[in-house]
Amino acid sequence: MDNTQSFIDSAAFVRRCGVYDFSLTSKEKAELSGKFMRRLKTILDAESVKYTDESLASVIIKYVPDWRRVINEVQRYSTSGTLEVGKAL
(Lines give C-alpha, C1' and ligand atoms only; values in the text may rest on other atoms or scores of the structure.)
Protein backbone atom coordinates (compact mmCIF):
# COMPACT_ATOMS: atom_id res chain seq x y z
CA MET A 1 0.00 0.00 0.00
CA ASP A 2 1.45 3.36 -0.94
CA ASN A 3 1.36 6.49 1.24
CA THR A 4 -1.59 7.99 -0.61
CA GLN A 5 -3.74 4.94 -0.04
CA SER A 6 -2.88 4.75 3.67
CA PHE A 7 -3.78 8.45 4.01
CA ILE A 8 -7.13 7.98 2.34
CA ASP A 9 -7.92 4.97 4.52
CA SER A 10 -7.00 6.76 7.71
CA ALA A 11 -9.74 7.53 10.21
CA ALA A 12 -8.59 11.15 10.46
CA PHE A 13 -9.21 11.71 6.78
CA VAL A 14 -12.69 10.21 6.99
CA ARG A 15 -13.61 12.36 9.99
CA ARG A 16 -12.64 15.55 8.15
CA CYS A 17 -14.48 14.80 4.94
CA GLY A 18 -18.12 14.19 4.30
CA VAL A 19 -19.11 10.77 3.04
CA TYR A 20 -21.64 10.84 0.22
CA ASP A 21 -23.52 7.92 -1.22
CA PHE A 22 -24.14 8.39 -4.94
CA SER A 23 -25.92 5.09 -5.49
CA LEU A 24 -29.31 5.30 -7.15
CA THR A 25 -32.39 3.17 -6.80
CA SER A 26 -33.82 1.54 -9.91
CA LYS A 27 -36.66 4.05 -9.87
CA GLU A 28 -34.22 6.98 -9.70
CA LYS A 29 -32.12 5.54 -12.54
CA ALA A 30 -35.22 5.13 -14.70
CA GLU A 31 -36.38 8.69 -13.99
CA LEU A 32 -32.97 10.23 -14.66
CA SER A 33 -32.50 8.13 -17.78
CA GLY A 34 -35.82 9.36 -19.18
CA LYS A 35 -34.89 12.97 -18.52
CA PHE A 36 -31.46 12.47 -20.03
CA MET A 37 -32.92 10.78 -23.10
CA ARG A 38 -35.20 13.77 -23.69
CA ARG A 39 -32.20 16.10 -23.37
CA LEU A 40 -30.10 14.01 -25.77
CA LYS A 41 -32.93 14.03 -28.32
CA THR A 42 -32.96 17.83 -28.15
CA ILE A 43 -29.20 17.92 -28.74
CA LEU A 44 -29.28 15.37 -31.58
CA ASP A 45 -32.19 17.15 -33.28
CA ALA A 46 -30.34 20.48 -33.03
CA GLU A 47 -27.27 18.84 -34.58
CA SER A 48 -29.36 17.11 -37.30
CA VAL A 49 -28.24 13.66 -36.19
CA LYS A 50 -30.58 10.82 -37.08
CA TYR A 51 -31.32 8.29 -34.35
CA THR A 52 -33.86 5.78 -33.16
CA ASP A 53 -35.22 5.65 -29.63
CA GLU A 54 -33.88 2.11 -29.36
CA SER A 55 -30.31 3.04 -30.29
CA LEU A 56 -30.32 6.01 -27.93
CA ALA A 57 -31.82 3.96 -25.10
CA SER A 58 -29.21 1.21 -25.55
CA VAL A 59 -26.36 3.68 -24.99
CA ILE A 60 -28.06 5.18 -21.95
CA ILE A 61 -28.84 1.77 -20.42
CA LYS A 62 -25.27 0.60 -20.91
CA TYR A 63 -23.60 3.58 -19.22
CA VAL A 64 -26.18 4.95 -16.73
CA PRO A 65 -25.44 6.95 -14.51
CA ASP A 66 -22.17 8.03 -16.17
CA TRP A 67 -23.77 10.84 -18.19
CA ARG A 68 -20.47 12.15 -19.52
CA ARG A 69 -19.73 8.70 -20.91
CA VAL A 70 -23.20 8.54 -22.48
CA ILE A 71 -22.57 11.83 -24.29
CA ASN A 72 -19.12 10.72 -25.43
CA GLU A 73 -20.43 7.39 -26.74
CA VAL A 74 -23.35 9.03 -28.56
CA GLN A 75 -20.89 11.44 -30.17
CA ARG A 76 -18.59 8.55 -31.07
CA TYR A 77 -21.37 6.50 -32.68
CA SER A 78 -22.88 9.43 -34.59
CA THR A 79 -19.91 10.82 -36.51
CA SER A 80 -21.61 9.83 -39.78
CA GLY A 81 -24.68 11.92 -38.99
CA THR A 82 -26.65 8.89 -37.84
CA LEU A 83 -26.45 7.23 -34.42
CA GLU A 84 -25.25 3.73 -35.30
CA VAL A 85 -24.57 1.59 -32.26
CA GLY A 86 -25.08 -1.78 -33.97
CA LYS A 87 -23.24 -4.59 -32.23
CA ALA A 88 -20.84 -2.19 -30.52
CA LEU A 89 -22.92 -2.29 -27.36
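Below, each value reflects all heavy atoms present in this structure, side chains not excepted, and no hydrogens, waters or symmetry copies.
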- Task: For S23, check side-chain hydrogen bond (donor to acceptor under 3.5 Å, both in side chains) against everything at least two apart and list the hits.
- Result: D21
- Message: What verdict does the side-chain contact (heavy atoms from CB on, under 4.5 Å) test give for V74 and L56, after you've listed the backbone C-alpha separation in whole Å, the side-chain angles of each residue and the deciding distance to 0.1 Å?
- Response: CA-CA 8 Å; V74 167; L56 194 53; 4.0 Å; yes
- Message: Could you work out, with salt bridge (charged side-chain N to carboxylate O under 4.0 Å, His left out) as the rule, every residue matching E31, not counting sequence neighbours?
- Response: K35
- For K41, which residues count as a salt bridge (charged side-chain N to carboxylate O under 4.0 Å, His left out) partner, sequence neighbours excluded? D53
- Note on the structure: CD of E84 to OG1 of T52, rounded to nearest 0.5 Å, is 10.5 Å
- Please identify each residue that fulfils ring-ring contact (aromatic ring centres under 6.0 Å, His included) with Y51, with sequence neighbours left out. none
- Item | T82: partners by side-chain hydrogen bond (donor to acceptor under 3.5 Å, both in side chains), with sequence neighbours left out | none
- List for me each residue that meets side-chain contact (heavy atoms from CB on, under 4.5 Å) alongside V49, sequence neighbours excluded, and say none if there are none. L44, E47, S78
- Which residues satisfy the side-chain hydrogen bond (donor to acceptor under 3.5 Å, both in side chains) test with Q75, sequence neighbours excluded? none
- Got a second to check how far S33's OG is from Y63's OH, nearest 0.5 Å? 14.0 Å
- Residues that S48 engages under side-chain hydrogen bond (donor to acceptor under 3.5 Å, both in side chains), provided they are two or more places apart: none
- Query: Which residues satisfy the side-chain contact (heavy atoms from CB on, under 4.5 Å) test with L24, sequence neighbours excluded?
  - Reply: E28, K29, L32, P65
- Considering residues at least two apart in sequence or located in another chain, which fulfil the salt bridge (charged side-chain N to carboxylate O under 4.0 Å, His left out) criterion with R39? none
- Task: Report the C-alpha separation of L40 and I71 in whole Å, then their side-chain angles, then the decisive distance to 0.1 Å, and conclude whether the side-chain contact (heavy atoms from CB on, under 4.5 Å) test is met.
- Result: CA-CA 8 Å; L40 277 176; I71 291 170; 4.3 Å; yes
